[in-house]
Amino acid sequence: MDDEFSAELQNKTKKLKKKAKKQKKESKIAVQNAEQDANEPESVDSASAPVFPPTFSVSEIKNKQRRHLMFMRLKQEKRREKLSLKKKRRKEREALGDEAPPKPVPKTIENQRVYDETTVDPEDEEVAFDEGTDEFSAYFNRLTNPKVLITTSDRPRGRTVRFCQQLATIIPDSHVYYRRGLALKRIIPQCIARGFTYLIVINEDRKVPNGLVLCHLPDGPTAHFKVSSVRLRKEMKRRGKDPTKHTPEVILNNFTTRLGHSIGRMFAALFPHDPEFVGRQVATFHNQRDFIFFRFHRYIFKNEKRVGIQELGPRFTLKLRSLQKGTFDSKFGEYEWVHKVSLPLSRVKQSLYCPHITTVLLGVLYCDCFFKR
């Protein structure tokens, strides 16, 4: 019985080997045929005889190698058509000269957005009055100099600690201290007594920084941001040398609404008034689609006309969650603005099947019926 079983097993393995060799040989032949087709010179002009029929579909080809080659050829043909059309349009514009029609503006997410009614003119008298009497007026009138305290949540991990240390190298006159279980309501009076103008708290989740509380002292306001896409200096490619102690320049982009003005002034008040241009360092806060992208660069003059930039890091993205009047108060604080997520009806229906939410809804209905009695 053992001999019969071993003989049958050997026959099966031989058949499988023959089948594999046959498939390998067929695929080699298909690849060679495809390469020959690609290398053959075209005897007929591409304009008179198209390479692909109108109903051609690359997905119908069964062989993987041949399908890939045909897809690349189709892609190259489309690219050639696009370039030839572009050259034709450029020649037409040159021929028409000043009478040429204006270039069409491409559709982007930015220019297709609905106009925000809260966008304000910085030269408006009402805006100028508000800026002259808000919490940051003392800084912009050069009555105070920024002094920043950077701290973390309880028991921070290594990545959050390094992120705080690198933030301290960007913001001048900033100091890093660790919480050690102290509540924020007890930290804020101590910061005010020691002359700090800002308190920055970095929160973390699963060893990754995920939140930032920015509290302006002594009178507020307090902003809470979601932090994402954090890249420390060692994780960045082609970065420059570590930043120097020079005061950087600050660039604020697209903070044009009422809310944007107050957030932009919060970021501006983190840095001293007079930047040191010798250091050639720039801190950029770029607002796009309500996400604030932070970058830290050093610019280099290559010659009289060309300028190069080096990213120094770290980089991160902020998303505003809430803006609170006064200093941090989680229970009795008055909120100026809170980010509200509008769920579609399908998501609301799904959430009703959640046992916790269903219990809450039943409790509300019961209380309503009880008080109506």
Side-chain angles (χ1 to χ4, degrees), residues 76 79-80 82-111 121-123 139-140 142 145-146 148 162-163 165-174 228-256 260-261 263-289 291-318:
Q76 286 173 3
R79 189 167 174 274
R80 278 194 225 102
K82 192 176 177 181
L83 286 171
S84 62
L85 188 64
K86 194 175 179 181
K87 285 179 183 177
K88 187 181 176 182
R89 284 178 184 167
R90 189 170 61 211
K91 285 179 182 178
E92 287 176 359
R93 289 184 66 82
E94 288 174 359
L96 291 169
D98 296 334
E99 297 178 0
K103 288 184 179 180
V105 180
K107 289 184 179 180
T108 59
I109 295 172
E110 287 299 315
N111 61 23
D121 184 7
E123 297 179 0
Y139 165 80
F140 285 99
R142 294 177 178 262
N145 291 320
V148 184
R162 288 194 296 274
F163 181 53
Q165 290 170 350
Q166 292 182 16
L167 269 183
T169 60
I170 295 169
I171 304 170
D173 200 10
S174 57
S228 59
S229 305
V230 178
R231 296 281 295 276
L232 301 178
R233 284 182 185 134
K234 283 191 176 180
E235 298 167 358
M236 297 172 64
K237 294 179 181 178
R238 296 183 294 277
R239 67 179 180 89
K241 293 181 180 179
D242 290 344
T244 57
K245 294 183 180 179
H246 296 93
T247 304
E249 306 166 49
V250 182
I251 297 174
L252 301 169
N253 288 335
N254 298 336
F255 292 92
T256 53
H261 266 261
I263 296 299
R265 285 168 73 82
M266 278 190 86
F267 288 136
L270 279 169
F271 298 87
H273 291 280
D274 301 315
E276 296 175 0
F277 297 102
V278 179
R280 297 176 282 107
Q281 295 177 160
V282 184
T284 306
F285 294 91
H286 177 73
N287 180 27
Q288 188 171 351
R289 298 191 296 278
F291 286 91
I292 301 167
F293 301 94
F294 176 81
R295 299 290 184 270
F296 192 57
H297 288 94
R298 179 187 289 123
Y299 57 88
I300 302 164
F301 295 104
K302 294 184 177 179
N303 51 40
E304 293 179 356
K305 295 182 179 179
R306 293 184 62 194
V307 178
I309 57 172
Q310 285 181 338
E311 189 173 357
L312 306 179
R315 66 162 68 166
F316 53 90
T317 305
L318 300 174

Parallel, tilted or perpendicular: rings of Phe163 and Phe316 (30°, 60°):
perpendicular

Non-neighbouring partners of [X] that pass side-chain hydrogen bond (donor to acceptor under 3.5 Å, both in side chains), sequence neighbours left out:
X      : result
Gln166 : none
Asn253 : His286
Asp121 : none
Asn303 : none

For Arg233, is there any backbone N or O sitting under 3.5 Å from a side-chain donor or acceptor partner on Arg239?
yes

Please answer whether the main-chain N or O of Asn254 pairs with a side-chain N or O of Asn287 as donor and acceptor at a distance below 3.5 Å.
yes

Residues in side chain to side chain contact (heavy atoms under 4.5 Å, CB included) contact with Pro172, at least two apart in sequence or another chain
Thr247, Pro248, Phe271, Pro272

By side chain to side chain contact (heavy atoms under 4.5 Å, CB included), His261 pairs with (sequence neighbours left out) Val120, Pro122, Val127, Glu131

Any side-chain heavy-atom pair of Phe267 and Val250 under 4.5 Å
no

With a 4.5 Å cut-off on side-chain heavy atoms, are Thr169 and Ser174 touching?
no

All N/O donor-acceptor pairs, side-chain side in residues 83-91, below 3.5 Å, sequence neighbours left out:
{"residue": "Ser84", "atom": "OG", "partner": "Arg80", "partner atom": "O", "Å": "3.3"}
{"residue": "Ser84", "atom": "OG", "partner": "Glu81", "partner atom": "O", "Å": "2.7"}

Of all residues at least two apart in sequence or in a different chain, which pass the salt bridge (Lys or Arg N to Asp or Glu O under 4.0 Å) check with Arg306?
none

When rounded to the nearest 0.5 angstrom, what distance separates [atom1] in [X] from [atom2] in [Y]?
X      : Y      : atom1 : atom2 : answer
Gln310 : Arg280 : CD    : CZ    : 8.5 Å
Asn111 : Thr108 : CG    : OG1   : 3.0 Å
Thr317 : Gln288 : OG1   : CD    : 11.0 Å
Arg315 : Glu235 : CZ    : CD    : 10.5 Å

Can you give me every donor-acceptor pair (side chain of residues 96-107, partner residue at least two apart or in another chain, under 3.5 Å) with its distance?
none

Please find the pair of heavy atoms, one from [X] and one from [Y], that lie closest to each other, and give the distance.
X      : Y      : result
Ala268 : Tyr139 : O-OH, 3.1 Å
Leu312 : Pro243 : CD1-CB, 4.0 Å
Leu270 : Ile171 : O-CG2, 3.6 Å

side-chain hydrogen bond (donor to acceptor under 3.5 Å, both in side chains) pairs, two or more places apart, involving residues 269-278
Arg142-Asp274

Compile the donor-acceptor pairs under 3.5 Å between side chains in residues 291-301 and protein atoms, sequence neighbours left out, one pair per line.
{"residue": "Arg298", "atom": "NH2", "partner": "Asp242", "partner atom": "O", "Å": "3.3"}
{"residue": "Tyr299", "atom": "OH", "partner": "Glu249", "partner atom": "OE2", "Å": "2.7"}

